[in-house]
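Atoms within a ligand are numbered from 1 in the order they appear, just like the ligands themselves. Positions are given from 1, in the same order as the sequence printed here. Values below: all heavy atoms of this structure, side chains included; hydrogens, waters and symmetry mates excluded.
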Amino acid sequence: MAPVPSTAPKAFSPPHARGYDLIVIGAGGVGSAAAYHAARAGRRVLLLEQFSIGHARGSSYGGSRIIRYTHDTPGLAAQMPATFHLWHDLERESGTRLLQLTGGLYLARQDTPWLMDCRTTLDDLGFSYQLMDSAGLRYAYPQFQAPDDWCALYQAHTGILAATRCVETLVAQAQRHGAEIRAETPVLAVEPDGDGVRVQLAGGETLSAARAILAAGPWSGRFLAELLDFPVPLRVTHQQVAYFSVQDPAAFAVGTFPIFIAALDEHFYGFPIWERPGTIKLALEQTALIVDPDSPRRVDDDLLAQLSQLVAAYLPGADPTPVHAEPCLYTETPTRDFVIDRHPQHPQIVVAAGFSGRGFKHTIAVGKLLDELAFSDPGNDASAFWLDSYRITRFIQTQTSAV
Ligand SMILES: Cc1cc2nc3c(=O)[nH]c(=O)nc-3n(C[C@H](O)[C@H](O)[C@H](O)COP(=O)(O)OP(=O)(O)OC[C@H]3O[C@@H](n4cnc5c(N)ncnc54)[C@H](O)[C@@H]3O)c2cc1C
């Protein structure tokens, strides 16, 4: 019988005296979770961040991100019970409240493949849910003005992660477990150096480590262009969220109004009152506005106007004039599957990029996976959080000859 691979990474002993066991580049959700798990495992960790910890210029800033069992494909959905556990473990360990359950309403026209795929995934994994037609939806949630051909799925395991607080907590806990944190420290380059890595800082310093994890979010593209001999197609897009006042705050409170995701041409989603008293946070995902992560963040008035129209059409209890808006960035691969893998030639460098608009909930599990990939043998992908769709080699173009 073939031996069953262990899910535990191999015991690690540094190949030779290097400054650190691990340098993590980027203290967003992904990098801070990787630093936390590695420090907790007893490794000598350095976490480098170009801006302040919890800054607003990347993808992880903000008061709320959705966490949910409901997915339209089974890979990540199957991990969700374990992912919820990891967040609760962090809450217990840090004594900080990070996750608020709200329940989630997933809305679409009856024939929308996304909602059917979500149902199939929930059925296959044995996660319970309730279905409603539009009359049932209007009765249970009169906050929505649902068209007659809509239906809805309610799933209880849906909630809010307090995103910036999660990042700050991960960094603080990494530090408590012995990690060194350096904010305001831009990294210029990450290079293989024998079987270890060399990390060059903008300030002129060069650091060495046995392993590096590259978790640079929207800035990943420039590192990957230097490190790989094939392109990784990452798109960085402008996104924004806005807050709208409601006439009856009790009707939009946690416990009464769930998180919702409505499958229009793009996803229109929203939260109950949570961050700003008397207001709900809403957003319409968009794919068209490609941006340079170094360009100044501005609120886009056309997108704001589109969102106001959706509020007027679907949420009669909310005032369609926004009271506040915040820009943010997505980094996406063409299929929105994340990239999490060792460098094909230099496995001491592990890459984590392309976390799209769905990545935050998974960061705590991705951080654990990254530590496992960094400190286990190349070829060993036996982690509870590994998915084959993460492989970076999927972007290597196969040469086909014309017949
Ligand atoms: C508006 C919006 C709503 C979202 N909603 C949800 C949601 O509801 N649920 C969900 O699960 N996900 C959601 N997401 C997606 C999720 O927030 C992201 O997938 C996730 O935060 C990505 O984290 P990251 O660590 O990859 O990137 P980032 O948070 O951007 O972190 C990368 C870090 O690397 C640092 N860095 C980059 N280059 C360097 C360098 N050279 N030197 C040093 N440091 C460097 C950056 O400064 C940054 O801090 C949303 C995203 C947005 C923008």
Side-chain angles (χ1 to χ4, degrees), residues 23-35 46-68 71 76 80 83 87 102 104 158-164 166-167 170-171 181-190 199-203 212-224 226 234 236-242 259-261 267 269-271 281-286 291 293-294 297 303 325-333 336 338-340 351-367 370:
I23 295 180
V24 180
I25 295 100
V30 174
S32 58
L46 173 64
L47 173 62
L48 298 170
E49 167 55 49
Q50 63 181 343
F51 303 129
S52 59
I53 302 299
H55 69 89
R57 296 178 61 182
S59 298
S60 300
Y61 172 81
S64 52
R65 292 289 188 276
I66 301 170
I67 179 165
R68 53 187 159 91
H71 284 67
L76 285 167
M80 288 318 296
T83 300
W87 285 114
T102 61
T158 307
I160 299 172
L161 284 168
T164 303
C166 290
V167 171
L170 286 163
V171 171
I181 317 293
R182 288 173 69 174
E184 313 290 349
T185 306
V187 171
L188 278 189
V190 181
V199 173
Q200 217 185 311
L201 304 186
I213 291 173
L214 191 54
W219 290 266
S220 300
R222 63 190 57 162
F223 287 105
L224 297 184
E226 291 290 323
L234 294 177
V236 178
T237 54
H238 169 96
Q239 306 288 330
Q240 64 194 33
V241 299
I259 279 175
F260 75 90
I261 301 179
H267 283 183
Y269 64 92
F271 297 78
K281 178 170 118 175
L282 303 171
L284 175 66
E285 289 192 307
Q286 67 85 43
V291 291
D294 285 323
R297 309 274 178 278
L303 285 181
E326 285 171 4
C328 191
L329 300 176
Y330 281 2
T331 309
E332 296 189 304
T333 63
R336 294 184 168 166
F338 312 154
V339 181
I340 306 173
V351 173
F355 287 91
S356 76
R358 288 133 184 75
F360 196 88
K361 65 184 80 57
H362 304 291
T363 53
I364 190 115
V366 168
L370 287 168

Just let me know how [X] lines up against ligand 1, side chain, backbone, both or neither, with a heavy-atom cut-off below 4.0 Å.
X      : value
Thr185 : backbone
Tyr269 : side chain
Lys361 : both
Ala215 : backbone

Return a yes/no value for [X]: is any of its N or O atoms, backbone included, closer than 3.5 angstrom to an N or O of ligand 1?
X      : value
Ser356 : yes
Cys328 : no
His362 : no
Trp219 : no
His55  : yes
Ile25  : no
Arg65  : yes
Phe271 : no
Leu329 : no

- Item | Shortest reach to atom 22 (C) of ligand 1 by a heavy atom, considering only Ser59, Ala56, Ser52 | Ser59
Which atoms from ligand 1 have a heavy atom of [X] less than 4.0 Å away?
X      : result
Gly58  : 30 (O)
Arg358 : 10 (C), 11 (O), 12 (N), 15 (C)
Tyr330 : 2 (C), 50 (C), 51 (C), 52 (C), 53 (C)
Phe223 : 41 (N)
Gly359 : 10 (C), 11 (O), 12 (N), 15 (C), 19 (O)
Phe51  : 47 (O)

Write out the residue and atom name of the closest protein heavy atom to [atom], then the distance separating them to 0.1 Å.
atom                    : result
atom 34 (O) of ligand 1 : Gly26 CA, 3.2 Å
atom 20 (C) of ligand 1 : Ser60 OG, 3.8 Å
atom 16 (C) of ligand 1 : Phe360 N, 3.5 Å
atom 36 (N) of ligand 1 : Gln50 NE2, 3.5 Å
atom 8 (O) of ligand 1  : Ile66 N, 2.7 Å
atom 41 (N) of ligand 1 : Val187 O, 2.9 Å
atom 31 (O) of ligand 1 : Gly28 CA, 3.2 Å
atom 35 (C) of ligand 1 : Glu49 OE1, 3.3 Å

- Counting only heavy atoms not in Glu184, do more than 12 sit closer than 6.0 Å to its CD atom? yes
- Note on the structure: The single option from Ile53, Val171, Ile364, Ile181 that satisfies side-chain contact (heavy atoms from CB on, under 4.5 Å) with Ser32 is Val171
- Taking the six-membered ring for Trp, are Trp87 and Phe360 parallel (under 30°), tilted (30 to 60°) or perpendicular (over 60°)?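 Rings of Trp87 and Phe360: parallel, under 30°.
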Looking just at side-chain N and O atoms, do [X] and [Y] make a donor-acceptor pair shorter than 3.5 Å?
X      : Y      : result
Ser64  : Lys281 : yes
Tyr269 : Glu285 : no
His55  : Glu49  : yes

